[in-house]
Every structure is written in C-alpha cells, then in structure tokens.
Amino acid sequence: QVQLVESGGGLVQAGDSLRLSCAASGRTFSSYGMGWFRQAPGKEREFVARISRSGDITYYADSVKGRFTISRDNAKNTIYLQMNSLKPEDTAVYYCARGRNIVGIRSPHDYDYWGQGTQVTVSS
C-alpha cells in the first residue's frame, strides 16, 4: 500500500511563497511519475504540475507556469512544489498523487494514489 503525506500549506499574503512537500512510502517511488493537483471550494480538482520518474521532465498548468516549480528527491521519496508570487486564486487544497505510468498526465484519472491534501490560503 502506498501512502502519500503532504505538508507545508498555510495562510500567506499575495506575492508570498510557500513550499509544499509530499512524502511517499514504499520502495518503488522512483518508478513513477508524480503530480500535484488542487481543488478550490465548489470547483473540480485541477492539474497543477507533473514530474517524470527521474525528475528531468516537468509539465505545468498554464495558470502556474513561471511561478511554480515541481521537483523530487528520490533518495528521500519526496516531491516538492515551490510556489512563488502566490495569488488569491491559488487558494485551494493541494494534493500530491502517483502517476499510473500511462500516457495521460493532466486528468485525476491518470493517478492512482492520493495524499490527504494540504490547505493553501492566499489573502489579498
């Protein structure tokens, strides 16, 4: 059983930065691409970023490109999401997820294990 535990969320002001972490259990962490999603109240869960197994390929939603950076440390079984220049519209619960190792990367259906989420609130 894979467990994913997010941390690092909080309440910040617009323009501030936060770094989210997601620690994974299991010995096969480096065999899977990983992703970050977010879900705001009343909205569907949306793709934020994806990183390949080795960390050399990344993808971002247009809304966060240039502000957010996804990274991973396979020795620590952890992925990160560095969020800079935060905006009120970034307010959401952020989830990390393990990819299914299929072609798709942007749909929640492309992921099989999820963390419990961490709240990020950006005030204006």
Under a 4.5 Å cut-off applied to non-hydrogen side-chain atoms, are [X] and [Y] in contact?
X	Y	value
Asn74	Phe29	yes
Leu4	Met34	yes
Arg45	Val93	no
Val64	Arg38	yes

According to a hydrophobic-cluster definition based on side-chain heavy atoms being under 4.5 Å apart (Ile, Leu, Val, Met, Phe, Trp, Tyr only), do [X] and [Y] belong together?
X	Y	result
Val12	Leu81	yes
Val2	Val5	no
Ile105	Tyr94	no

Nearest 0.5 Å, what's the [atom1]-[atom2] distance between [X] and [Y]?
X	Y	atom1	atom2	result
Ser124	Lys87	OG	NZ	14.0 Å
Ser21	Ile79	OG	CD1	9.0 Å
Phe68	Thr58	CZ	OG1	14.0 Å

Problem - Pairs touching residues 18-124 that satisfy disulfide (SG to SG under 2.5 Å), sequence neighbours left out - result: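 Non-adjacent pairs meeting disulfide (SG to SG under 2.5 Å): Cys22-Cys96.
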Practice task
Any disulfide (SG to SG under 2.5 Å) involving residues 57-90? Give me the pairs, sequence neighbours left out, ordered by first then second residue.
Solution key: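 Residue pairs passing disulfide (SG to SG under 2.5 Å), neighbours aside: none found.
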Exercise for the section: Kindly indicate whether a cation-pi arrangement holds for Arg19 with Tyr80, taking the cut-offs as under 6.0 Å to the six-membered ring centre and within 45° of the axis. Expected result: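 Checked: cation-pi criterion met.
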Handout entry: Option from Val48, Asp90, Val122, Val120 for which side chain to side chain contact (heavy atoms under 4.5 Å, CB included) with Met83 holds
Key =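 Testing each of Val48, Asp90, Val122, Val120 against Met83, the sole residue satisfying side chain to side chain contact (heavy atoms under 4.5 Å, CB included) is Val120.
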For the backbone of [Y] and the side chain of [X], can you confirm whether one donor and one acceptor N or O come within less than 3.5 Å of each other?
X	Y	value
Thr121	Leu11	no
Asn77	Gly26	yes
Glu6	Gln116	yes
Arg72	Ser52	yes
Thr78	Lys76	yes

Practice task
Have a look at Arg50 and tell me which of Tyr111, Tyr60, Tyr59 forms a side chain to side chain donor-acceptor pair (under 3.5 Å) with it.
Solution key: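 Per the side chain to side chain donor-acceptor pair (under 3.5 Å) rule, the option paired with Arg50 is Tyr111, out of Tyr111, Tyr60, Tyr59.
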Problem - Verdict with reasoning, Asp110 to Arg100, per salt bridge (charged side-chain N to carboxylate O under 4.0 Å, His left out) - result: CA-CA 6 Å; Asp110 299 326; Arg100 292 183 185 271; over 6 Å; no
Problem - Nearest non-hydrogen partners of Gly9 and Leu20, listed with the distance - result: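 Reported closest heavy-atom pair: N-CD2, 3.6 Å.
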Exercise for the section: Specify the closest pair of heavy atoms between Asp56 and Ser54, including all atoms of both residues, with the distance to one decimal. Expected result: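 Asp56 and Ser54 have their closest heavy atoms at OD1-OG, 2.6 Å.
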Problem - Intermediate values then yes/no, side chain to side chain contact (heavy atoms under 4.5 Å, CB included), Leu18 and Leu86 - result: CA-CA 8 Å; Leu18 274 177; Leu86 282 162; 4.1 Å; yes
Handout entry: Neighbour count above 12 (heavy atom, 6.0 Å) for Arg67 CZ
Key =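 More than 12 heavy atoms, drawn from other residues, nucleotides or ligands, come within 6.0 Å of this atom.
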Practice task
Can you establish whether the number of heavy atoms outside Gln82 located under 6.0 Å from its atom CD is more than 12?
Solution key: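 Count over threshold, so yes.
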Practice task
Decide if the gap between the ring center of Phe37 and the ring center of Trp114 is smaller than 6.0 angstrom.
Solution key: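 Yes - the distance between ring centres of Phe37 and Trp114 falls below the 6.0 Å cut-off.
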Exercise for the section: List for me each residue that meets ring pair (Phe, Tyr, Trp, His ring centres under 6.0 Å) alongside Tyr95, sequence neighbours excluded, and say none if there are none. Expected result: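 So Tyr95 forms no ring pair (Phe, Tyr, Trp, His ring centres under 6.0 Å) with any residue.
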Exercise for the section: Would you check, one step at a time, whether the test side chain to side chain contact (heavy atoms under 4.5 Å, CB included) holds for Ser123 with Gln13? Expected result: CA-CA 5 Å; Ser123 64; Gln13 293 187 331; 3.7 Å; yes
